[in-house]
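Presented below is the structure to which this report refers.
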2 protein chains.
Amino acid sequence: MPSSQTIDDIDKRILQALLDNALLTHKEIGQLVHLTGQAVGARVRKLQDLGVIDGYTLRWNPVSIGLNVHAFLTVFMNSNEAHRAFQAFVESNEAVTEAHRVGGEGCYWLRVRVGDSSELNKLLDEVLKFGNYKLSLSIEQIK
Amino acid sequence: MPSSQTIDDIDKRILQALLDNALLTHKEIGQLVHLTGQAVGARVRKLQDLGVIDGYTLRWNPVSIGLNVHAFLTVFMNSNEAHRAFQAFVESNEAVTEAHRVGGEGCYWLRVRVGDSSELNKLLDEVLKFGNYKLSLSIEQIK
DNA sequence: AACACGCCTTTCATCGTGAAAGTGAATGCG
DNA sequence: CGCATTCACTTTCACGATGAAAGGCGTGTT
């Protein structure tokens, strides 16, 4: 096993390469960092065991299946009792693709994807039951 | 080739499965949707060709490499001339992991990851050159 | 009824993967 | 100083996932 507990510079370069393209073979990564594919494989396994790598997923294009609206929502809660219900709402609503408890501006931050503004309207009505919000619509992702 | 241009329900289920775990073999996905691995492979290729699937990447844990601070930044620009410079700044600054041009609250929305609050401080100083901001710190991701 | 087309399955060769064994360097201990 | 131990890497090898090619089946068209 490679540097069994610590994460060195080579590990970070492997991580970076996989973030860019998780389908790279260990051999290809090995050419970047000057190792054999098997050595890279061992390091990747280490990164998984340490919890640095949490899983493998897709980069994809929601617009292509009709999710044209991409919005960010900062939510301000009305009361202190609504939190549990709000979290349940977030969990069950599939338009909410990411959610954080935050400090600073607002109580929660949500990423929302819906097909059109009428669906957004419906969602905002739901959110209003729990508190106020500020909305930003993504016009273009620049990074 | 499967339903060469359109995306049917099976495609969506394949997409969902891969979003959850991109390492599933085509055969395993095939068992979920009642197809052979090869048929699944053909559909995945179609999704790639159509641009629905944009690439493969990792789910990972930034905290494990010392990026303990996760912040959302809504930026309000000072002047109309600063946009190009701001976009260049965003592009070159590696603490900014995601950025959008937005409408609604603010002009830009940024996701920021840094190691500690002093690094955050430095970043905010940079941002102040372009405009004002509102900051939210992620306390816990709930989805 | 015959044909064509789309989508699937079957078959097959290739290649990536992880386990096991071996090499070499660095460190520790007598 | 020499020997053993450990650690990371390489080499070898067997398994299985993948994609190409060919064959089968249903549907729609004339």
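Throughout, protein chains are lettered first and strands after them, A, B, ... in sequence-line order, and every chain is numbered starting at 1.
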Which angle, to the nearest 10 degrees, lies between the helix axes at the two ends of the helix from C:dA1-D:dT30 to C:dG30-D:dC1, each defined by five pairs? 10°
Interatomic distance, [X] [atom1] vs [N] [atom2] [rounded to whole Å]:
X     : N      : atom1 : atom2 : value
A:Q38 : D:dC7  : CD    : P     : 21 Å
B:H34 : C:dT9  : NE2   : C1'   : 16 Å
B:L35 : C:dG6  : CG    : P     : 18 Å
A:D11 : D:dC9  : CG    : P     : 9 Å
A:D49 : C:dG18 : CG    : C1'   : 13 Å
B:D8  : C:dC8  : CG    : C1'   : 13 Å
A:K27 : C:dG18 : NZ    : P     : 14 Å
A:I29 : C:dG18 : CD1   : C1'   : 15 Å

For the side chain of A:N93 and the backbone of A:V90, is there at least one donor-acceptor N/O pair under 3.5 Å apart? no
Quick one: does any side-chain atom of B:R13 pair with a main-chain N or O of B:L32 as donor and acceptor, under 3.5 Å? yes
For B:H70, ring pair (Phe, Tyr, Trp, His ring centres under 6.0 Å) partners two or more places apart: A:H100, B:F72
Which one, C:dT11, D:dT10, C:dG16, comes nearest to the side chain of A:T25? C:dG16
Let's see if you get this right: which residues in residues 15-23 of chain B place a heavy atom under 4.0 Å from DNA chain C? none
Less than 4.0 angstrom from a charged side-chain N to a carboxylate O is my criterion; do [X] and [Y] meet it?
X      : Y      : answer
B:R101 : A:E140 : no
A:E94  : A:R113 : no
A:D116 : A:K122 : no

Any side-chain N or O of [X] less than 4.0 Å from the OP1 or OP2 oxygen of [N]?
X     : N      : answer
A:R45 : C:dT17 : no
B:R43 : C:dC7  : no
A:H26 : C:dG18 : yes

Donor + acceptor pair across side chains of B:Q48, B:Y56 (<3.5 Å): yes
Quick one, B:E98 and A:K143 - any side-chain contact, counting heavy atoms below 4.5 Å? no
For B:E28, does the CD atom sit with more than 12 other heavy atoms under 6.0 Å from it, leaving out its own atoms? yes
